[in-house]
Amino acid sequence: MTAGGGIVARRAGDGSLRVLLAAAHSDGALGAIELAMAPGSPGPPLHVHPTHGEGFYVLAGRPGLQVGDEVIVAEPGDWAFAPREVPHTLANHGSAEARLLCVFAPGGFERRFERILAETTGAPPPPGPSPEEEATRVLGPPLAPPS
């Protein structure tokens, strides 16, 4: 946080995961993370969020993205958005790291990533799962590699 109440997120550590904006700092409106996916990362299973939309902006690499029935191999500069209740997932089947900016609107789901960071750094974790995490429904397996 800055003295004026804004947010400045600076790169720290290995940079594989950063919570850039938490719902607590945006009046609940938005959450944002930067995520690095190692080559060969299968990503999460196909799922939906009934409480929020999730957007993906590709910073580097060529991750696979599925939103609804559309599956693409994304390039840097590509943007995908899954509104509430739209099935989606992502994976990195490529041979290079993929980096994405992930945005959650309204915010709250970023707490899942705050817990992951706490587990890896030994920092105190945020309180239990957020309502956004608990409402998420898994629909199927992770994204299959392109054939």
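Heavy-atom minimum distance, Gly107 versus Ala23: C-CB, 3.6 Å. For Pro76 against Gly61, the heavy-atom pair with the smallest separation is CD-O, 3.3 Å. Between His93 and Pro146, the shortest heavy-atom contact is ND1-CD, 3.8 Å. The minimum heavy-atom distance between Gly108 and Ser130, with the atom names listed, is O-OG, 3.4 Å. In terms of heavy atoms, Pro42 sits closest to Pro142 at O-CB, 3.5 Å. The nearest pair of heavy atoms linking Gly140 to Pro45 is O-CB, 3.0 Å.
Looking at heavy atoms from C-beta onward, Arg137 lies in side-chain contact with Glu85 at the 4.5 angstrom threshold. Leu90 is listed as a side-chain neighbour of Pro44, based on a closest heavy-atom distance under 4.5 Å. Residues Asp78 and Glu75 form a side-chain contact, since some pair of their non-hydrogen atoms from C-beta on lies under 4.5 Å apart. A 4.5 Å side-chain heavy-atom check between Leu101 and Leu20 finds at least one atom pair inside the cut-off. Taking 4.5 Å as the limit, some side-chain heavy atom of Pro63 sits within range of a side-chain heavy atom of Val58. At least one side-chain heavy atom of Val19 sits under 4.5 Å from a side-chain heavy atom of Glu110.
If you take CZ on Phe113 and SG on Cys102, they are separated by 6.5 Å, rounding to the nearest 0.5 Å. Between the CD1 atom in Ile33 and the CZ atom in Arg112 there is a gap of 8.5 Å [rounded to 0.5 Å]. Taken to the nearest 0.5 Å, the CG atom of Leu17 stands 9.5 Å off from the CD atom of Glu114.
A side-chain donor-acceptor contact under 3.5 Å links Gln66 to the backbone of Gly68. Put simply, the side chain of Asn92 never gets that close to the backbone of Ser41: no donor and acceptor are under 3.5 Å apart. Between the Arg99 side chain and the Ser16 main chain, no donor and acceptor come within less than 3.5 Å of each other.
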Can you check salt bridge (charged side-chain N to carboxylate O under 4.0 Å, His left out) on Arg115 and Glu133, steps first, answer last?
-> CA-CA 12 Å; Arg115 256 193 305 294; Glu133 291 175 83; 2.2 Å; yes

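Val86 and Leu143 fall into different hydrophobic clusters, where Ile, Leu, Val, Met, Phe, Trp and Tyr residues are linked whenever their side-chain heavy atoms come under 4.5 Å apart, directly or through other members. No chain of hydrophobic side-chain contacts below 4.5 Å, direct or via other Ile, Leu, Val, Met, Phe, Trp or Tyr residues, connects Val48 to Leu65. Residues Val67 and Phe104 are members of separate hydrophobic clusters, defined by side-chain heavy-atom contacts under 4.5 angstrom among Ile, Leu, Val, Met, Phe, Trp and Tyr. Linking ILVMFWY side-chain heavy atoms closer than 4.5 Å, directly or via other members, places Leu46 and Leu35 in two distinct hydrophobic clusters. In terms of hydrophobic clustering, with Ile, Leu, Val, Met, Phe, Trp and Tyr side chains grouped at heavy-atom distances under 4.5 Å, Ile72 and Met37 are assigned to a common cluster.
Ring orientation note: the planes of His88 and Phe56 are tilted relative to one another, at an angle of 30° to 60°. Under the 30°/60° scheme for interplanar angles, the aromatic rings of Trp79 and Phe81 are found to lie parallel.
Within 6.0 Å of CD in Glu134 there are more than 12 heavy atoms belonging to other residues, nucleotides or ligands.
Donor-acceptor pairing under 3.5 Å is lacking for the side chains of Glu132 and His49. Counted by atom type alone, His47 and Thr136 present zero donor-acceptor pairs between their side chains at under 3.5 Å.
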